[in-house]
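For reference, the structure is listed below as structure tokens.
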Amino acid sequence: MKKNKYVSTFFLLLLFLVSCTKDFESLNVNPNAQTTGESAYLLTSAQITAARAILDDYNAGLCKWVQYYTHRPEDNVAFWHKSGNDIDTYWNYYSFYVDILPNLKVIRDNCEKTPHRNYWALANIMEAWSYTYLVDMWGKVPYTHALHGTSPDSEDPDYYFPLFDDEDFIYKAMIQKLFFANDSIETSATTKYPIIAASDAYANGDLLMWKKFCNTLNLRLLLRMSDVDAAYAKPLFEMIVSNPAKYPVISSNDEDFGIVWIGGNKGPWENQIAMMYEESENTYPVSTGVLYYLATMNDPRLPVLVDPAKDYVKAGNPKYVGCPPAFIRINPSGFIRMGRDSISNISVATFADPNRKEPIITYAELQFILAEAALKSWNVPSSAKQYYESGINASMEKYNVPIGGYLAEPKVNYDLSTNKLETIILQRYLAQFGQGANTFAMMRRTGYPALDFFKIDEDDVKGFPYRVKYTELIQENPGFIKSNAGVGIISDMWGKKLWWATGAPEVQMFNQTIQTGPVVWPVN
Amino acid sequence: MKKIHCCYSGEYLNKLFSCKIIKFMRNTLLLLFITVFQVYATDSYSQNTRLTLDLKDVSVATVLEEIENHSDFYFLFNAKLIDVTKEVSITIKDEKISDILASLFPGNEVNYLVFEKQIILTPRDGKSLPALVQQQRTITGTVTDKQTGEPLPVVNIVEKGSLNGAISDVDGKYKITVSQQNPILVFSFVGYFSQEIEVSNNTVIDVNLVPNIQEIGEVVVTAMGITREVKALGYSVTEVQGARLTETGQTNVISALSGKVAGVQITGSSSGIDGKSRIVIRGETSLSNDNQPLIIVDGIPIQANQQLEASTIPEYGGISDWGSPIADVNPEDIESLSVLKGASATSLYGSRAANGVILITTKTGKGGQKGLGVSIASSLTFSNPLIGESPWQKDYGQGKNGQYAYVDGNGNGINDNVNRSWGPRYEGQMISQWDPETGNAVSKPWVYHDNWKNFFETGILSNTTLGLTYGTDVSNSRISISHQKENGIVPNTGLTRMTANFNNEFRIKDKLTAYFRGSLSNMNSPNRSGYGYYNPIRDIYLMPSSIDILEFKKYYKTPEGERNSFIENGFNPYWNLYENLNPSERKRISLGLTLKYDITDWLYFQGDIVQDQTRLDYSQRTAVYKYNTGGFSQGSNFDQEYNYSARLGFNKKFQNWGISGIAGAELRNIQNRSESASSSGGLINKGVYNLDNSLKQVTSSHFQSEKEIHSVFGNLNLSYNNYLFLDLSERNDWSSTLPKNNWSYSYPSVALSYVFSEMFNIDKSILSFGKLRASWAKVGSDTSPYFLNLYIDRSDDGWNGQPVQSVNAILPPTNLSPEISVSWELGTLLSFLDNKINLDFAWYETKTKDQIVTIDTQWERGFRWARINVGDLETTGIELALNTTPVQTTNFRWDLDFTYNRNRGKLKELYSNLTYQRIGEWYGSETRAVVGERYGALWGFPYMVDNEEYWNNLPPMQEDIPNIADLHNTGKILTNAGMPMNTVWRGGPYDMGTYLTPDWTGSISSTFSYKNFSLSMLVDGRFGGYIISTTYQHAYLYGLVDKTAGLNQKGNLKRDPVVNGGGVLFEGTDLATGLPNTIYVEEQDLDWDYNRGTEEFMFNATNIKLRELVLSFQIPKSWSGKLGINNATISFIGHNVLLLKNNMPGIDSETMMGNNNNGQGLEVASIPTTRNLGFKVSLSF
């Protein structure tokens, strides 16, 4: 019996040992991390990541394509990369779906749990900007089925491999988001939905500015789809323009919407061109394309946008030297290598200024958008010419240069212009200097302006790219295949045009042969 | 085990002396000396055990047999001398064995000696001795263990060819009366090689018996510390005696295991002193953890040995490999080490034992010696690079285009800012060069310097262990302390380690025993070398040989304290080693207490409380100089594990049946904490290393985790007639890391052993032993804590003084279930020719499913990675151990052992559309587990080959050659204008068609013993498999690879300009013509950029080493005894003595980037493997 006592005590002990799993769940609560996020701080991260992605990290390659400036060179300028490699579309795409959009989704979820009209609106505006960027770059992208990782339908194949939505569907959904956002924002100082000003990297808590950004962006998008779906775009565009009280838009250069990076000391959020200049004493080499227009049209902005080449400055004979955007790859020994100091960089004073506001959308751009709308005979308050000249003036004022006789220059004079659209777009092109993605979309839609020789690599039969490349990873994605997102695309970047560019004219070249060396301005 | 082992061999003896050692369980005896648990079963056994017998008119032999069947007692007697045929009747109830014997052998005929469970019957007087006795002499002496020097009791001593026999007492002393003219004494003892000694005129003969660790019938320590006979096991367990681990003075148990156990692959460290060694048992079976086994020392699991959350997200090497706490276990303390290989062997330990278990049993005070015992072992070894020769070209120095002249290292001279070796040829010509002392240009002869050789120093490793044992009637203890000092071959690296180990076994009451053990260690390193890309010796690999490193060493910093270099901000290995120190200190405390209570003679209760703690404190200094604002960081990692367990154990025998088992429960709590803080923005004051000296706000991080596992377990061992054994086990775990509906999981195992040689009466001299075994087991496994939630991260960088948050990129699992692995094992154990040939063979298969892995997921779902149950990794293999004794005479013995293992892991399935899981990556090369392929595929950037298959499989090829019709199908590498066409940095990487895992591994070891000398050597190797060397990848760019110099196909210097007949003709097919390439290109143009395909720096990883060489001499007792020394052995020892085969010139292909999964198959700036030669002295008093 004594034995039995031992045995039963033992088994009681066992039972005690193993039965107490009730504290397991609390034991498995992570003491190192949180499972909830604050809308204000999530918004900051979406803002700075999106600005880096759209305006900085992947902008340089697009700027090369639209011939503002070229890639950051090493010791020698040797642009032998295939054009498809100019933009790291792999990480660009990634940054949206993993780094930016999930944060916005959590903000929206937060606002659904505890209503917050303003953060809800800001998240939607950010989403509209992000998704339309994705469409502008690639074409079809996942929207409806995207970001369902944590949802109960996550394992459903259409969500596991999110289907790719049609471009017009996403565009219209985003335009709708922007209207909702505009209506949702409460700008009053006593709003029940205050936002943390210091965490708002774009507008420092100014909700009216957000409203203006929202509507101005909406106008940009509506114009972008105007050639393929005017029936949809025109009334909405006119609705915004006709009711500035309800739909305020950017009304001066001071209201240019963008981000002022935190300067100084090579922190992660420093102006990237400033950072580049600190490290290499160089900025980006200017392209022959934009330099051609700035130099031949006697543009007063030239010295503000471009610095003369260092070697020429040293020699006491300052000149602007453009870097051709393309060389032939085939024979490595045929590379043209130019000394870094023999070509012009984009202006250190203008672009490497740590306090520069990097623009997302500007007053000048809005003027050109309105000019184009007027040209289409859409119902806008002023004439195309007035908006056109207002846009040029705004740009000159922006760079603080006197306009002089610029408006009378042969290619600038609106009245003399035989192709008004081309004239407007060329000025918008110059005013948008450095905005690669925005200009890339504009050029594909309109076919203007003409550029320096850009047929590159072994693809020189093909012209200006229609899109950036879907990486192999995306192309192998069952969702991509199931959605026929790749249908009609040839050689990654050609074939089928984007929906809003259907039927658009091809971008032309003002120079029909490849440059074999630097192009110097002024020519003696 | 009725008759496996006969004490005396030879037919004559068999006839004369019927060797009727009934059920001589030698394991029970060995048990005495090697296990901790065994003590509860045997100590006081004879006093506590009471038997009940009721037998009528049976022979004495039957009575003895009955006693054996109902107890653990075994009788040993000579049937010619003891009459066991006599009929008796006996009725006893609950009586002690001594009483039973008294009634069984009344009168004075028989003497009985009860030694624990062993009962020896001898005739009391000489009356029954045969009349053939002629001349009688008495021989005395002591029998000791050759390796430990400790006395051996109960050794059988017989005079060969006679009936004279004796048995040594507890002090190993014996006394035997011999009767022949030239008597030969045969000493035999279970677990030791028998020895025959000619008596000649001696009257005192001291004998050292050599342990026979391979002998069939040995016992081994199995799961939960339970000692079992090998023959009863349905799975594979290999035991290695401690002495085999300390032979070569290695201080790391793992590296000392190399080549000694079939199926175990050890990869040495590539990070210098105290670097982690990797051990994998039966190949990689898991994608989710690092495949390292669980290591248990005296029942205490060493926490922090395994990295449970493995690394599918790549790491890139680091400043330092901080080592592993297993290195803190002093091999000199180890009595034996068991390797439990398959899941059946380990399933009682639960999930984390899925990669096998290494059970270490330390030495105890047991061994029969009462009073004080002292042993000292001391070794001193010197280490040097195993490969002393630089593999690089010795013809050209620093520069470019064959030109170099130093002005300021900043580009103002001729190529004086180029750190590559494309400069002038060494012809002793006068060239303006860097003067390390002044930094100025000085004209001096342009000559080669053997920097490789000059850089490394002779490393020194000394290790001294003092062991004390003390035994009394009720307790025995052992205390040891050791001191290790090591200086690495890399300058200014080293460590000191102190360890203390103690254990005490104390019989509190007759039925209650306590066993307490613990160890403490302190490893202190003032500086260790880094590993991977940050390794300072990367500079040595890449530095031009025109720089004299001996000069450089003197002036590695300028008088102003600035970092000196031959080009602006160029290489300076000494700056890293002398200024950027990485001191670290690791403390380990491990304690265990076991209480055991014998409830009855067949039932016991046991409780264990054990804990292991390791704390690592480290700091890293980055010195300030022109290009570095300096930095300092410090941190600590703390790992702790508690285990509480209780169990009931029983052991019963019924007639032919035996049944034993345990049932118990366990609670395990594991905690980790790490803290670190770093300066930011640089340091305020130069040369001051503390956090207060940080220019900006110090950044810090803190991480802690805890998990708990509750378990119940049980096993049942059935035996029938000693030839059929069945083990059943079952364990259920509850893990806090899994979701509620899945946190309970159970796993069963079955193992069967069938000793057919025991069943059929096979002639022992032909087949001494034969068994077949089969086992099956299913093992479940949990994961790391905190995997179940979605987290919001806080960015390190704020915005505007405000925090920034973002959603973590890892998608948490929705319904995580435990990992499941199912394994099979079939094996056989055969011994031939009186155990002279022993063969152990196993075939195994493990299928691991539902692994908890972090995989790449579709980004559009909002996450980069997802944690999920995926994969089906199947591992199969065969392993073989063959132990032979080709020659054995009185004074000479030769043992020859072989091991062989062939292992194949194959990923059968991953998840959804995933075709591979990345294991590791470095510099464009990757290692992968690819679905449908052998584990460990190597991917890189191959050349384009003129072949349609390549065209179809290599996307960049189709970009360069749009039409397949442009191919010529010559199968050669394509060239374009003389340059090879390659895929470097273009998408990819691409399949190289090779694997990092070896085709097979094997070893041969041989030991010759002649009188007091013994010579042993061990050769082990891995055969097949490939490694990608990123050191070579860089060395091509730097113009260092041997191939970049020398003569071209025309017999002219390759580096001469093509126009002068130089250059190199790349052998391939010209893309344009389809004919062999005829265009010479400049060697520098070929190599300056990444034009070399990965094939050029991918090497066959076959590697064979003379791993160990030991020559030892045991000083004869007749000399040492005068000093009171029981045993004195002096040895010459060598580890990694020779590199017999290596295909990667200059770099040991056994070294890898790191010793986790993702460091395998890739090499970067490895610290050379060292050859260690030295001496060892062991003394025991």
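Naming convention: chains lettered A, B, ... in sequence-line order (proteins, then strands); numbering from 1 in each chain.
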What distance separates [X] [atom1] from [Y] [atom2], expressed to the nearest 0.5 Å?
| X | Y | atom1 | atom2 | answer |
| --- | --- | --- | --- | --- |
| B/F863 | A/L147 | CZ | CG | 8.5 Å |
| B/Y791 | A/N30 | OH | CG | 4.0 Å |
| B/R864 | A/D99 | CZ | CG | 9.0 Å |
| B/W859 | A/Y90 | CH2 | OH | 4.0 Å |

Would a distance-only check, ignoring hydrogens and angles, find a side-chain to backbone donor-acceptor pair under 3.5 Å from [X] to [Y]?
| X | Y | value |
| --- | --- | --- |
| B/S806 | A/S45 | no |
| A/N28 | B/Y786 | yes |
| A/N32 | B/Q704 | yes |

Please name the pair of heavy atoms, one in B/Q805 and one in A/E38, separated by the smallest distance, quoted to 0.1 Å. OE1-N, 2.7 Å
I need the minimum non-hydrogen distance between A/L42 and B/V807, along with the two atoms involved. CD2-N, 4.4 Å
Please flag which part of [X] lies under 4.5 Å from any non-hydrogen atom of chain B: side chain, backbone, both or neither.
| X | result |
| --- | --- |
| A/V141 | neither |
| A/T36 | backbone |
| A/L43 | neither |
| A/F480 | neither |

Quick one: which of [options] has the most heavy-atom pairs under 4.5 Å with chain B, could you say?
| options | value |
| --- | --- |
| A/S199, A/P31, A/A146 | A/P31 |
| A/P142, A/P157, A/A46, A/G479 | A/P142 |
| A/P478, A/P162, A/A40 | A/P162 |
| A/Y93, A/Y159, A/Y143, A/Y97 | A/Y97 |
| A/P152, A/A198, A/S151 | A/A198 |

So which residue, [options], ends up with the most heavy-atom pairs under 4.5 Å with chain A?
| options | answer |
| --- | --- |
| B/P739, B/S735, B/G607 | B/S735 |
| B/N789, B/D1085, B/N808, B/T737 | B/T737 |
| B/P785, B/G681, B/P803, B/G801 | B/P803 |

Checking [X] against chain A: side chain, backbone, both or neither under 4.5 Å from a heavy atom?
| X | value |
| --- | --- |
| B/S701 | neither |
| B/L811 | side chain |
| B/T814 | neither |

Would A/N477 and B/E860 count as having a side-chain donor-acceptor pair, cut-off 3.5 Å? yes
One pair to check against side-chain contact (heavy atoms from CB on, under 4.5 Å): A/E25 and B/K740. What are the steps and the verdict? CA-CA 8 Å; A/E25 270 168 335; B/K740 191 165 191 170; 3.9 Å; yes
Check whether any side-chain heavy atom of [X] sits under 4.5 Å from a side-chain heavy atom of [Y], and report yes or no.
| X | Y | answer |
| --- | --- | --- |
| A/L27 | B/E706 | yes |
| B/Q802 | A/I196 | yes |
| B/S912 | A/F161 | yes |
| B/T857 | A/Y160 | yes |
| B/I792 | A/N103 | no |

Show, in sequence, the C-alpha distance, side-chain angles and deciding distance for B/L790 and A/T150, and conclude whether the side-chain contact (heavy atoms from CB on, under 4.5 Å) test is met. CA-CA 9 Å; B/L790 173 63; A/T150 53; 4.0 Å; yes
Centre of A/Y41's six-membered ring, under 6.0 Å away, within 45 degrees of the axis: is that where NZ or CZ of B/R794 sits? no
What do the steps show when you test A/F24 against B/W743 for ring-ring contact (aromatic ring centres under 6.0 Å, His included), and what is the final call? CA-CA 9 Å; A/F24 269 14; B/W743 72 30; 5.2 Å; yes
